[in-house]
Amino acid sequence: MADTSWPRSPSRRRWSMDRTSWPLPCGTFSANLGATMAYVRASQYLLPTWKEDPADADIPSHRLMLRAGMIRPLAAGIYTYLPLAWRALRKIEAIIREEMDAIGGCEIHMPMVHPAELWAKTGRLLDFGPQLVRFRDRAGRDMVLGPTHEEVVTDLARREIQSWRQLPLMLYQIQTKFRDEPRSRGGLVRVREFTMKDAYSFHESFEDLDRYYPQVYQAYLNIFRRCGLAPLPVEADPGLMGGSGSHEFMLLNEHGEDTLVQCERGDYAANREGAVAVKDADEGERERPLEKVATPNCYTIDAVASFLGVPKRKTAKAVFYRGKGELVFVVIRGDLEVNETKLARAVGTTDLAPATEADIAAVGAVPGYASPIGIRGDGVKVVVDDSIPKARNLVAGANREGWHLRNVNFPRDFSADIVADVAMARDGDRCPRCGGTLRVKRGIELGHIFKLGTKYSEALGATFLDREGRPRPLIMGCYGIGTGRLLAAVIERHHDDQGIIWPASVAPFHVFVAVLNPDRPDHATFAVRVAECLDRAGLEVLVDDRERTAGEKFHDAKLLGIPVLVVIGPRALAQGEVDLERRRDGARRKVPAEPDALAHGVYDLLRAESS
RNA sequence: CGGAGAGUAGCGCAGCCUGGUCAGCGCGCAUGGUUCGGGACCAUGAGGUCGGCGGUUCGAAUCCGCCCUCUCCGACCA
């Protein structure tokens with residue numbers, strides 16, 4: 001039972017009903033109603049900190065969130081948020097709500113369970129693949145767990161938006177989503193069940209979407225800045241439906257789940273999936289006649305290049321995929337790799353899969369010695385990377401086991417259905433903007449904004465009457481932020497080897513009051529006065545009144561990373577002073593043990609914190 | 001889905017090769033006492049179907065088979 005020297009925690013005055021005045025069955029329950037409390041007592045809170053590092057957490061945010069008692073795993077990529085994490089998450093959500101409301105967002109809440117039929121209409125029941133969790137309800141209806149909400153929100157818009165006078169409109173929600181990721185990793189960085197702020201805007205014209213999109217872009221920067229993060233906006237893959245733009249906000253981080261390309265001079269940054277690099281031409285080299293050469297046991301580019309003594313960039317590589325029911329035959333310079341995202345866009349399909357040897361043989365090509373020269377034309381689409389037209393006198397397969405061709409040139413020796421950039425940008429490549437050096441980096445994708453266009457409104461028949469009275473499909477944008485991932489990213493960015501260092505804006509509490517001798521009534525009484533006065537000053541306070549040694553409390557204070565530590569102990573109290581310590585830099589100061597001085601001292605440290 | 005690793009008390013781990021005093025250690029937890037400003041100390045104690053199922057054996061945490069789960073790397077990621 002709680003000791004009697006502590007008064008019950010009082011309710012906040014600003015609540016219209018004083019909940020502690022209700023006849024509660026047991027006094028201790030009132031202390032657990034966190035939201036109504038003026039301050040929180042650690043002894044009556046769920047704060048399961050660990051002294052030792054967990055065995056299977058490798059990245060800092062994951063390790064620290066487990067150690068600080070913020071999250072606990074339930075299954076792979078599925079976590080419970082404990083009180084500390086939930087408080088921080090609510091701070092993040094509050095910032096997001098303010099910024100979304102500021103650009104005209106209307107918060108709604110959509111269902112998590114959707115009829116599969118809706119997803120069938122947009123084709124994504126198939127496109128989404130096994131990440132989309134499906135099940136049947138008791139009546140046998142096919143349902144899915146929502147991995148995102150374009151379908152549902154567009155269905156809503158179809159029903160509710162009839163006129164251009166209702167536009168533009170921006171709807172958003174903060175909601176749980178489920179994607180059965182093939183691989184969750186890194187704690188909250190990449191999970192299967194996650195909370196996401198997803199927003200959708202509706203416009204009468206592309207011009208209006210183009211006007212609105214930069215506002216969202218700016219709102220996103222505001223959100224991340226207020227959370228203490230400065231992500232790099234990068235150009236993202238605009239996807240099959242075109243649209244005129246998409247950006248991701250990437251926090252550079254070695255543990256990131258995503259890969260991006262950035263120019264050292266800083267004028268170009270793109271997701272690796274869409275990154276473009278300059279491809280050099282073989283300037284001034286004359287085309288030489290085709291020549292057949294024996295190349296026994298040379299099934300790879302490496303083998304051919306070393307056998308013939310030519311650099312890999314003087315070879316042409318054949319790569320095969322299946323897509324849209326036909327074979328996709330990609331010809332690319334031997335030193336480059338195929339970027340499947342770019343390829344899918346070039347071909348105009350969403351489903352590309354590596355081809356089997358039988359697929360390859362069916363069009364007359366020989367695996368290992370495949371060549372675009374002399375293959376059968378029907379049922380095969382030849383995609384030539386734009387590195388090939390710029391190159392001269394390449395070594396390519398001869399479609400005959402053990403033989404290659406020298407001096408292959410495009411378009412002299414073979415033709416293409418499509419010539420496009422389908423190559424993966426590499427570290428060290430040259431920037432398409434300035435010719436500078438490109439670097440491949442890891443990052444955490446904090447947010448993604450996207451000009452959707454009419455993909456969903458057309459598929460679902462969401463039309464409105466324009467100013468001339470003609471029905472037209474709604475023009476849409478969509479904008480997402482993974483809130484749990486953002487929380488993890490804040491910790492990735494703000495920690496040291498001793499624990500988390502919260503930015504004050506998202507800290508679960510502002511002040512950590514360590515009561516070194518909670519069993520001494522005078523100390524306990526004083527701690528309550530301190531907590532109450534800090535509360536009245538508008539600060540959120542966690543009072544560590546647990547029966548622990550001083551050392552443990554100091555270590556936990558570091559681990560939890562609450563911005564300001566107030567130490568209530570005999571040494572300071574004897575002098576009528578309390579010690580304050582700032583988490584970020586360890587700066588300490590003593591202030592008189594009376595309310596105003598204390599609150600001012602804490603605010604001073606917090607102010608310097610945020611500057 | 002490929003590659004690698006791991007499941008033994010709440011957490012971190014040893015034991016496994018070589019089957020039989022191997023159900024153990026540290027932390028944590030409970031009780032009592034001493035401490036009390038930077039992860040204290042003493043004493044006592046609770047807590048485990050050794051991931052599951054099957055097999056080998058007189059006997060299995062230990063050997064064999066199948067399965068499950070988790071972590072990391074890769075593939076994948078509107």
Side-chain angles (χ1 to χ4, degrees), chain A residues 48-59 62-63 66-67 69 72-78 119 122-132 146-151 154 177 179-187 189-192 194 196 198 200 236-241 243 246 248 255-259 271-273 337 340-341 344 350-354 445 448-450 452 455-456 476 478-480 482 485 498-499 514-520 523 546-559 565-575 578-579 581 586 588:
Chain A
T49 56
W50 290 343
K51 186 199 278 190
E52 292 172 277
D53 274 338
D56 44 7
D58 290 317
I59 78 170
H62 189 199
R63 197 177 69 237
L66 287 169
R67 280 195 58 197
R72 291 293 182 258
L74 178 66
I78 302 177
W119 284 74
T122 60
R124 293 211 295 181
L125 191 61
L126 295 174
D127 289 351
F128 231 93
Q131 278 201 45
L132 184 65
T148 177
H149 281 74
E150 283 81 10
E151 277 78 1
T154 307
K177 313 226 184 279
R179 295 180 191 175
D180 197 359
E181 293 276 353
R183 183 185 163 207
S184 54
R185 70 183 92 184
V189 170
R190 179 160 166 167
V191 290
R192 296 195 295 167
F194 58 102
M196 183 172 176
D198 49 322
Y200 308 88
D237 172 34
L240 282 176
M241 295 314 288
S246 173
E248 291 173 344
H255 305 291
E257 84 296 347
D258 215 336
T259 309
N271 189 294
R272 185 141 200 222
E273 292 184 346
E337 296 298 328
E340 290 184 19
T341 305
T350 50
D351 57 331
L352 276 182
E445 182 191 333
H448 194 167
I449 60 178
F450 205 101
L452 277 181
K455 173 175 179 174
Y456 299 94
M476 295 174 58
C478 75
Y479 319 93
R485 177 183 284 176
Q498 305 204 75
V515 189
L516 301 186
N517 303 100
D519 50 334
R520 284 182 54 172
H523 287 222
R546 296 173 300 175
E547 296 283 347
R548 301 287 180 85
T549 63
E552 288 173 293
K553 291 181 185 186
F554 287 124
H555 278 267
D556 266 357
K558 289 242 167 51
L559 176 61
L565 169 66
V566 173
V567 184
I568 293 177
R571 188 191 292 168
L573 232 43
Q575 301 158 4
V578 294
D579 294 308
E581 183 174 325
R588 297 183 193 189

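A note on names: the letters A, B, ... follow the listed sequences, proteins ahead of strands, and every chain is numbered from 1. Worth knowing before you read on, the calculation uses all heavy atoms, side chains too, and leaves out hydrogens, waters and symmetry mates.
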Determine whether any donor atom in the side chain of A:R588 lies under 3.5 Å from an acceptor atom in the base of B:rG38, or the reverse, and answer yes or no.
-> yes
Taking only the side-chain nitrogens and oxygens of A:R185, find out if one of them lies under 4.0 Å from OP1 or OP2 of B:rG74.
-> yes
When we call it a touch if two heavy atoms are under 4.0 Å apart, what does A:K558 touch: a base, just sugar-phosphate, or nothing?
-> base
Scan every strand shown for a Watson-Crick or G-U wobble partner of B:rA78, both distances under 3.5 Å, and answer none if you come up empty.
-> none
Between CZ of A:R548 and C1' of B:rC29 the distance, given in whole Å, is 10 Å
If you look at every strand shown and take non-hydrogen atoms under 4.0 Å, does A:P73 touch a base, only sugar-phosphate, or nothing?
-> nothing
Side chain of A:W50 - closest among B:rA78, B:rC11, B:rC70 | B:rC11
Would you find a donor on one side and an acceptor on the other, under 3.5 Å apart, between the side chain of A:K553 and the backbone of A:R546?
-> yes
Nearest-angstrom distance from the residue atom CZ of A:R546 to P of B:rC29 | 10 Å
Considering Watson-Crick and G-U wobble pairs with both distances under 3.5 Å, what does B:rC53 pair with?
-> B:rG65
Keeping the roles fixed (side chain from A:T122, backbone from A:W119), state whether a donor-acceptor pair exists under 3.5 Å.
-> yes
Of the nucleotides B:rA75, B:rC70, B:rC13, which one has an atom closest to the side chain of A:A75?
-> B:rC70
Give a yes or no on whether a donor-acceptor pair under 3.5 Å exists between the nucleobase atoms of B:rC36, that is its base, and the side chain of A:R520.
-> no
Short question: side chain of A:E552, backbone of A:T549 - any donor-acceptor pair under 3.5 Å?
-> yes
Complement of B:rC17, any strand, by Watson-Crick or G-U distances under 3.5 angstrom = none
Matching residue for A:I568 among A:L573, A:N517, A:L516 - test: side chain to side chain contact (heavy atoms under 4.5 Å, CB included) = A:L573
Could you check whether A:G69 gets within reach of a base, just the sugar-phosphate, or nothing at all, counting any heavy atom under 4.0 Å?
-> nothing
When all nucleic acid strands are considered with a 4.0 Å heavy-atom cut-off, which category describes A:E445: base, sugar-phosphate, or nothing?
-> nothing
Side-chain N or O of A:T549 closer than 4.0 Å to phosphate OP1/OP2 of B:rA40 | yes
Of the listed nucleotides B:rC76, B:rG38, B:rA78, the one nearest the side chain of A:H555 = B:rG38
Rounded distance (Å) that lies between atom P of B:rG12 and atom NZ of A:K51 = 15 Å
Scan every strand shown for a Watson-Crick or G-U wobble partner of B:rA23, both distances under 3.5 Å, and answer none if you come up empty.
-> none
Least distance between heavy atoms, A:P147 atom then A:F194 atom | O-CZ, 4.3 Å
Taking B:rC27, B:rG39, B:rC13 as options, the one with an atom nearest any side-chain atom of A:E52 is B:rC27
What nucleic acid atoms does A:D258 come within less than 4.0 Å of, heavy atoms only: base, sugar-phosphate, or nothing?
-> nothing
Write down the distance separating the P atoms in B:rG65 and B:rC17, rounded off to the nearest Å.
-> 15 Å
Could you state the CG-C1' distance from A:N517 to B:rU35, rounded to the nearest angstrom?
-> 11 Å
Which base sits across from B:rG2 as a Watson-Crick or G-U pair, both distances under 3.5 Å?
-> B:rC73
Applying the 3.5 Å cut-off to both distances, the Watson-Crick or G-U partner of B:rG32 turns out to be B:rC42
Using the closest heavy atom to pick a nucleotide of RNA chain B for each, name whichever of A:K553 or A:H448 lands nearer the 5' end.
-> A:K553
Using a heavy-atom cut-off of under 4.0 Å over every strand shown, decide if A:Q498 touches base, sugar-phosphate, or nothing.
-> nothing
Take atom CG of A:L573 and atom P of B:rC36, then tell me their distance rounded to the nearest Å.
-> 17 Å
Span that lies between the P atom of B:rG48 and that of B:rG10, in whole angstrom = 8 Å
Under-4.0 Å salt bridge between A:R588 and A:E581 | yes
Do A:R67 and B:rG39 have a side chain to base donor-acceptor pair shorter than 3.5 Å?
-> yes
Without swapping roles, check the side chain of A:R192 against the backbone of A:D180 for a donor-acceptor pair under 3.5 Å.
-> no
Inspect the contact between A:R124 and A:E150 and indicate whether a charged nitrogen and a carboxylate oxygen are less than 4.0 angstrom apart.
-> yes
Separation of B:rC70 P from A:R72 CZ (nearest whole Å) | 17 Å
With a 4.0 Å cut-off on heavy atoms, is A:Q131 in touch with a base, just the backbone sugar-phosphate, or nothing at all?
-> sugar-phosphate
Whole-Å distance between B:rG74 P and A:R272 CZ?
-> 11 Å
B:rA75 C1' sits how many Å from A:E257 CD, rounded?
-> 15 Å
Please give the nucleotide sitting opposite B:rG48 as a Watson-Crick or G-U wobble pair, both distances under 3.5 Å, or none.
-> none
